[in-house]
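Scroll down for the structure; my scribbles are underneath it.
Keep in mind that what you see is a predicted model, and the values were worked out from it rather than measured.
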Amino acid sequence: MRDFLLGYGYFAMYYALAITFIYFLIFALSIRHISPLQRGIRYNRIRKLSGSEHLPPVSLLVPAYNEEVTIKENVRSLLALNYPEYEVIVVNDGSKDDTARIMIEEFRLREIRPFAAQHTKTEKVRGYYHNPDYPNLYFIDKENGGKADSLNAGINLSRYSLISTIDADSLLEKDALTRIARVYMENPEETVAVGGNVRILNSCTVEDGRVKNIRFPKQWWPALQSVEYIKAFLGGRIGWSAVNGLIIVSGAFGVFQKDKVIAVGGYRGGYPGEDMNIVIKLHRYCLENKIPYHVAFCPDAICWTQAPDTYRILSSQRMRWGRGNLKNMIEEGIHMVFRPRYKVFGLLTLPYNILFETLNPYFRLSGLLAMIGYWLLNMADWRTVAVFMLVNFFSCFILSLGALFIEEKAFSRYPKLSDLHKMMLYSVLMFFGYRQIGVLWRFLGHIDFFRNNNSWGTMVRTNFNK
């Protein structure tokens, strides 16, 4: 037992060193790309682009299930975007509340019989609705089939070669679509997908579908998620995009080449994680067919979304994410790991995701058991353990501060100095309980996967100004 625990101790040390090295490598790539990003997101260029006829038309797909509280503000926000040519397709996925009634009454929609392609099979569509007074708004009412099924129904009706996925509990900044299109237009032949940046909306003021007063969340859970999102998006996704290793485009806001999405069979239903699944399939399709491609990230295209504000809702969301991640790795990712034909994605992105994301709960929990074993066998040198924990804490804290540096230098969405102080405080607090319980949520999500629990879980919507 002593030999086993000693060997595990060395393994844990090398595991921690490896994940820290990769974290800093990706963060260094993110820092390296700040200056080019700043040059590319200057306001005057965006203002000129907003009315340009050269911007590609986009179909915005909005899957909605039980979204009666937020759907009006969401749609009005989308209809007010500074973009020359686009359509908004709201897909009601068999909601049990008044989502459909509110949409039809608020926008005075009437049933129509449009041509809808059959690129992918979906649950039965009960009706298509439109109002000429809102020429770029369409509404699909269908039987429940899940988020992926709703997106596929939207693809079947869409007219344009670019599609964008938007969550119904989210609001886009007015120039967000223009900014994300700018990234696409830099290399339209190879850019198969572009992800937007997701920010936490809680405690912000919303008027007429627009975020008017940006404030750092007042509540505990949204505040922790806010600094977590900043670290993940600015400290991570910028770097992964730079090496074409991005594994996910957030379902809250992303743009895709429609023909490529159709070529890989559309969105896969039946389990959470459809946003990761579609990106993995795009990587695989392009690499296997030797198609030059890039999955990009646009950090200045901002989507504001409601974050869970209670333990129950947040735990349900994170267990769902853990379940989706594990299923994607088993069914899609494992076939590409360490195979040179899949380049960076197969040699770095997937191994990193499997070892340091998917399997992380098992290493963390086994490490805790090993610590108990050290204590019972009088093997623990507590000074060494304390030094190891402090080094781990400060290395992660430095990465969080680095993400805040990128936020302040390039974007500065939070105008108050007090908000910056709060972000720094919560960047410390998240290491004392929040990250640890996140490991537990992911582990419980894996248990749900092995129990074939594919339910979406608990999610309660509130008014945007709550």
Look at atom NZ of Lys72 and say whether more than 12 heavy atoms of other residues, nucleotides or ligands are closer to it than 6.0 Å. no
Please test Val62 against Val75 for side-chain contact (heavy atoms from CB on, under 4.5 Å), starting from the C-alpha separation and ending with a verdict. CA-CA 9 Å; Val62 187; Val75 174; 5.8 Å; no
Note to self: Aromatic contact between Phe431 and Phe394, with the criterion being ring centroids under 6.0 Å apart: yes or no?
What the structure shows: no
Taken to the nearest 0.5 Å, the spacing of Cys204 SG from Arg210 CZ works out to 14.0 Å
Between Ala403 and Phe27, the two heavy atoms sitting closest are N-CE1, 3.8 Å
Separation between OG (Ser400) and CE (Met423), nearest 0.5 Å, reads 12.0 Å
Q: Quick one: sort the Tyr83 and Tyr86 rings into parallel, tilted or perpendicular, breaks at 30° and 60°.
A: perpendicular
*Heavy-atom side-chain contact between Met276 and Met329 under 4.5 Å*: yes
Checklist entry - Can you find a heavy atom in the side chain of Ser203 that is under 4.5 Å from one in the side chain of Gln219? => result no
Q: Determine the interplanar angle of the Tyr414 and Phe216 rings, folded into 0 to 90°, and report it as parallel if under 30°, tilted if 30 to 60°, perpendicular if over 60°.
A: perpendicular
Taken to the nearest 0.5 Å, the spacing of Ile230 CD1 from Arg199 CZ works out to 5.5 Å
query = Should Arg442 and Leu326 count as side-chain neighbours, where that means a heavy-atom distance under 4.5 Å?
reply = no
inquiry  = Quick one: does any side-chain atom of Gln257 pair with a main-chain N or O of Pro188 as donor and acceptor, under 3.5 Å?
reply    = yes
Between Phe363 and the options Tyr14, Phe356, Tyr15, the ring-ring contact (aromatic ring centres under 6.0 Å, His included) test singles out Tyr15
| Do the side chain of Gln436 and the main chain of Gly433 share a donor and acceptor less than 3.5 angstrom apart? | yes
In this structure, are over 12 heavy atoms from other groups packed under 6.0 Å from Phe21 atom CZ? no
Asn66 side chain vs Ser95 backbone, donor-acceptor pair below 3.5 Å
no
message: Between Asn328 and Gly273 (side chain of the first, backbone of the second, donor and acceptor by atom type, cut-off under 3.5 Å), is there such a pair?
response: yes
* Asked: side-chain contact (heavy atoms from CB on, under 4.5 Å) between Arg237 and Ile248: does it pass, once the steps are laid out?
  -> CA-CA 9 Å; Arg237 296 195 186 185; Ile248 186 170; 3.4 Å; yes
Item to complete: Might you work through the side-chain contact (heavy atoms from CB on, under 4.5 Å) test for Phe345 and Ile247, ending with a clear yes or no?
Response: CA-CA 8 Å; Phe345 193 72; Ile247 196 172; 3.9 Å; yes
Hey, is CZ on Arg215 packed in by over 12 heavy atoms from elsewhere, all under 6.0 Å?
yes
Report task. Determine, using ring centers only, whether Tyr311 and Trp441 are less than 6.0 Å apart. Result -> yes
* N/O donor-acceptor pair under 3.5 Å between Gln225 side chain and Pro308 backbone -> yes
Closest non-hydrogen atoms of Thr70 and Ala168, given as atom of the first, atom of the second and distance, are OG1-O, 3.2 Å
In short, Pro415 meets Ile214 closest at the heavy-atom pair CD-O, 3.9 Å
Discussion item. Would you say NZ of Lys343 has more than 12 non-hydrogen atoms from neighbouring residues, nucleotides or ligands within 6.0 angstrom?
Written reply: no
**Message:** If you define the side chain from C-beta out and look only at heavy atoms, does anything of Ile22 sit under 4.5 Å from Ile19?
**Reply:** no
CZ (Arg76) and CD1 (Ile71) are apart, to the nearest 0.5 Å, by 12.0 Å
Residues His294 and Ser241: closest non-hydrogen pair is NE2-O, 2.9 Å
Heavy-atom side-chain contact between Val192 and Val295 under 4.5 Å
yes
Exercise for the section: For Glu173 and Ile302, indicate whether the former's side chain and the latter's backbone hold a donor-acceptor pair under 3.5 Å. Expected result: no
**Item:** Val344 side chain near Thr349 side chain, heavy-atom distance below 4.5 Å
**Value:** yes
Requested in this report: Check whether any side-chain heavy atom of Pro299 sits under 4.5 Å from a side-chain heavy atom of Phe233, and report yes or no.
Outcome: no
From the list Asp167, Asp275, Asp93, salt bridge (Lys or Arg N to Asp or Glu O under 4.0 Å) with Lys147 holds only for Asp167
Would you call the rings of Phe432 and Phe393 parallel, tilted or perpendicular, where under 30° means parallel and over 60° means perpendicular?
tilted
From the list Asp149, Leu61, Asn277, Thr165, side-chain contact (heavy atoms from CB on, under 4.5 Å) with Tyr267 holds only for Thr165
Side chains of Ser226 and Lys422, heavy atoms from C-beta outward: is any pair under 4.5 Å? no
Taking every heavy atom of Leu172 against every heavy atom of Leu81, the minimum-distance pair comes out as CB-CD2, 4.0 Å
* To do: Evaluate the criterion side-chain contact (heavy atoms from CB on, under 4.5 Å) for residue pair Val227 and Leu429; output intermediate values, then yes/no.
  => CA-CA 10 Å; Val227 294; Leu429 295 178; over 6 Å; no
Strictly distance-based, threshold 3.5 Å: is any side-chain N or O of Asn197 a donor or acceptor partner for the main-chain N or O of Cys303? no
Side chains of Asp175 and Asn82 only: does a donor on one sit below 3.5 Å from an acceptor on the other?
no
Any donor and acceptor pair, going by atom type alone, linking the side chain of Ser150 with main-chain N or O of Pro63 inside 3.5 Å?
-> no
So CG of Leu171 and CD of Glu73: to nearest 0.5 Å the spacing works out to 7.0 Å
Between Val249 and Gly254 the two heavy atoms that sit nearest each other are CG1-CA, 3.7 Å
- prompt: Is the Trp240 ring parallel, tilted or perpendicular to the Tyr352 ring (thresholds 30°, 60°)?
  reply: tilted
Heavy-atom donor-acceptor pair, Ser164 side chain to Leu60 backbone, under 3.5 Å
no
When rounded to the nearest 0.5 Å, the distance separating CG of Leu137 from CG of Leu78 is 9.5 Å
Original post:
Judged by atom type as modelled, is there a donor-acceptor pair below 3.5 Å linking the side chain of Glu67 to the main-chain atoms of Thr99?
Top reply: no
inquiry  = Over 60° means perpendicular and under 30° means parallel, so tell me whether Tyr362 and Phe443 are parallel, tilted or perpendicular.
reply    = perpendicular
Check your understanding: Parallel, tilted or perpendicular: which describes the rings of His283 and Tyr293, with under 30° parallel and over 60° perpendicular?
Key -> perpendicular
